[in-house]
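Notes follow once the structure below has been shown.
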Amino acid sequence: MILWFSSPVAAQDLERYNRASIYPVYMLHPGARMYDEIYTTCLAMPVPDKYNDHRLSVRIVQGLSTKAKEKDVRAAAISFVEKNQIAKRMVAKWFERDKKTGECMTDLIVNRAAYSVSIREKMAANYTLSGKPVLPDADTELIPNTFVLISDISYIDKEEKAQMATAVFGMIGQAAQIAGGAAGIAGAGNNMGDLGNSIAQLGSSISDMVSGFTVDITTYLFQLKWNEDIANEFYLRYYCDSTSISPEKAKAFDADKSLFQLELLGSYTARSDKTVMRGINKPEDVFRKVLTRAQDKNIVELQRKYPQFKVTDVVSAILPDKQVEVQIGLKEGVNEKSKYEVLERVFTKEGKIHYNRKAVLKADPKNIWDNRCMAAEEEAVNAELGATRFNIISGDKSSIYPGMLVREMR
């Protein structure tokens, strides 16, 4: 067997190679309370940092009534991906396909695959007789690892608390404006100070009011279907580069409505937790914190239900006393009970990829990184760590080095 990497630099590339590519879409309900605020927040929400950004232009779609049955919402999600040919558009994005000429490029695949210089040179010099570009492992590991997440967001409209929450958002907004105006007044700093902290000090009554802003998020997870047969069909019928532009292939690709598909794997529903006021200085902070944390919960549970969606990370540091650090934390669902395996990625003689388990890790309960949205502003315990410390509970520490893959065990 031949090792795939042997240096920290290549190991960093390996983390990038193993990332899934995702396209988050948010399904909202026009006319519902807080619609405008939720819309603005969703539009600004970034792709989680453990995934490649594979977003298309549409980020928000109109959902059904908040009283719609789950089966109807599921049907609406399926209808969205089918009517808009999202699968085909995801493939087109992978190959950076020109809509007018049909020209395809492989730069995005090469970049995400983090190929070595020698493999890049091989790709530039060699093409198969069919015109298929030489892209080692991309068809089997990168493109199939593409997902669409459609999240139906429902605001839980508890009238009494909702009215109180609206009032609190107004108070926070006014405080932020006053703080901004006071910043230019000599001597005002000590008196006006951090009004966000002053609001936080109002205590549990404020927290109770803000808990009136509660959301349920149901996330539907779709995976792009891509295998050797689909790939060969694509390269034969539709693929062309700058040297082989074909109007016929371009028209045929646009007309195709059956080759490219997304498979619905399943769904998960999470309700947002009670919001801690510390660190919240403006109304949009509440929405960002609540929505992002609820969405992160869904992603964690979907990873646990569907292994192909699992996040892999890498060992970032080797510590004394049989410990290592990995840059994952509460946002990725790390807890004191979960276990992780350390994997070494190798090539077989046939050129196939294989993973060897070298160790098993368990999080140190006292050193689990709180990397949830706004945890630092909240001054949460362990928000400053930057990584989680793991105890090596089996395996030889000498066989572990920075850059080796880490994956949760289930």
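With a 4.5 Å cut-off on side-chain heavy atoms, Tyr340 and Val315 do not count as touching. Within the 4.5 Å cutoff, the side chain of Leu43 has no heavy atoms near those of the Tyr26 side chain.
Closest heavy-atom contact between Ser267 and Tyr220: CB-CD2, 3.5 Å. In terms of heavy-atom proximity, Val314 sits nearest to Val326 at O-CG1, 3.5 Å. Taking every heavy atom of both residues into account, Trp226 and Pro144 meet most closely at O-CG, 3.5 Å. Across every non-hydrogen atom of Ala363 and Val334, the tightest pair is CB-CG1, 3.8 Å. Shortest non-hydrogen contact noted between Gly395 and Ile392 is O-CG2, 4.0 Å. The shortest heavy-atom contact between Lys93 and Leu108 is O-CD2, 3.4 Å.
Atom-to-atom distance recorded for Leu142:CG and Arg112:CZ is 8.5 Å, nearest 0.5 angstrom. Taken to the nearest 0.5 Å, the CD atom of Glu344 stands 10.0 Å off from the CG atom of Leu405. Going from atom NZ of Lys249 over to atom SG of Cys240 covers 6.0 Å, rounded to the nearest 0.5 Å.
Annotation: side chain to side chain donor-acceptor pair (under 3.5 Å) contacts of Arg55 (sequence neighbours excluded): Asp53. In this structure, the side-chain contact (heavy atoms from CB on, under 4.5 Å) partners of Gln223, at least two apart in sequence or on a different chain, are Phe147, Leu265, Gln308. With sequence neighbours left out, Tyr23 forms a ring pair (Phe, Tyr, Trp, His ring centres under 6.0 Å) with no residue at all. Under the rule for a side-chain contact (heavy atoms from CB on, under 4.5 Å), the partners of Arg237 that lie at least two apart in sequence or sit in another chain are Glu233, Asp256. Partners of Thr218 according to the side chain to side chain donor-acceptor pair (under 3.5 Å) rule, which considers only residues two or more places apart in sequence or in another chain, are Thr269. For His54, the ring pair (Phe, Tyr, Trp, His ring centres under 6.0 Å) test picks out Trp94, with sequence neighbours left out.
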Query - ring pair (Phe, Tyr, Trp, His ring centres under 6.0 Å) assessment of Phe260 paired with Phe253 - result: CA-CA 10 Å; Phe260 310 105; Phe253 179 87; 5.6 Å; yes
Query raised in the report: When you look at Phe80 and Val58, which way does the side chain to side chain contact (heavy atoms under 4.5 Å, CB included) test go after all the steps?
Result: CA-CA 11 Å; Phe80 168 76; Val58 177; 4.2 Å; yes
Query raised in the report: Between Lys289 and Glu377, does a salt bridge (charged side-chain N to carboxylate O under 4.0 Å, His left out) hold up when you go through it step by step?
Result: CA-CA 11 Å; Lys289 189 173 185 179; Glu377 292 86 345; over 6 Å; no
Report task. Please lay out, stage by stage, how Lys50 and Asp313 fare under the test salt bridge (charged side-chain N to carboxylate O under 4.0 Å, His left out). Result -> CA-CA 8 Å; Lys50 297 298 181 183; Asp313 212 277; 2.4 Å; yes
Query raised in the report: Which is it for Asp98 and Lys100 under the salt bridge (charged side-chain N to carboxylate O under 4.0 Å, His left out) test, yes or no, and what are the steps along the way?
Result: CA-CA 6 Å; Asp98 187 293; Lys100 293 182 179 179; over 6 Å; no
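For the pair Asn371 (side chain) and Leu330 (backbone), a donor-acceptor distance under 3.5 Å is present. Within the 3.5 Å criterion, the main-chain N or O of Ala250 finds a donor-acceptor partner in the side chain of Arg97. With Asp216 contributing its side chain and Ser154 its backbone, the two residues share no donor-acceptor pair below 3.5 Å. Looking at Asn391, its side chain never comes within 3.5 Å of a backbone N or O of Ile393 through a donor-acceptor pair. Judged by distance alone, the side chain of Lys397 and the main-chain N or O of Ala359 form no donor-acceptor pair under 3.5 Å. Side chain of Thr40 to main chain of Glu37: no donor-acceptor pair is present (N/O by atom type, distance under 3.5 Å, no hydrogens or angles). Remark: side-chain polar atoms of Asn382 are not paired, donor with acceptor, to backbone N or O of Leu385 under 3.5 angstrom. With hydrogens and angles ignored, the 3.5 Å screen pairs no side-chain donor or acceptor of Asn111 with any backbone N or O of Asp107. A donor-acceptor pair is defined here as one N or O able to donate and one able to accept, closer than 3.5 Å; no such pair exists between the side chain of Asp36 and the backbone of Tyr39. Judged by distance alone, the side chain of Lys297 and the main-chain N or O of Arg271 form a donor-acceptor pair under 3.5 Å.
Annotation: Asp321, atom CG; neighbour count of heavy atoms from other residues, nucleotides and ligands within 6.0 Å does not exceed 12. Counting heavy-atom neighbours within 6.0 Å of Lys305 NZ, excluding the residue itself, gives a total above 12.
Tested against Glu408 for a salt bridge (Lys or Arg N to Asp or Glu O under 4.0 Å), the candidates Arg304, Lys310, Lys339 yield a single pass: Arg304.
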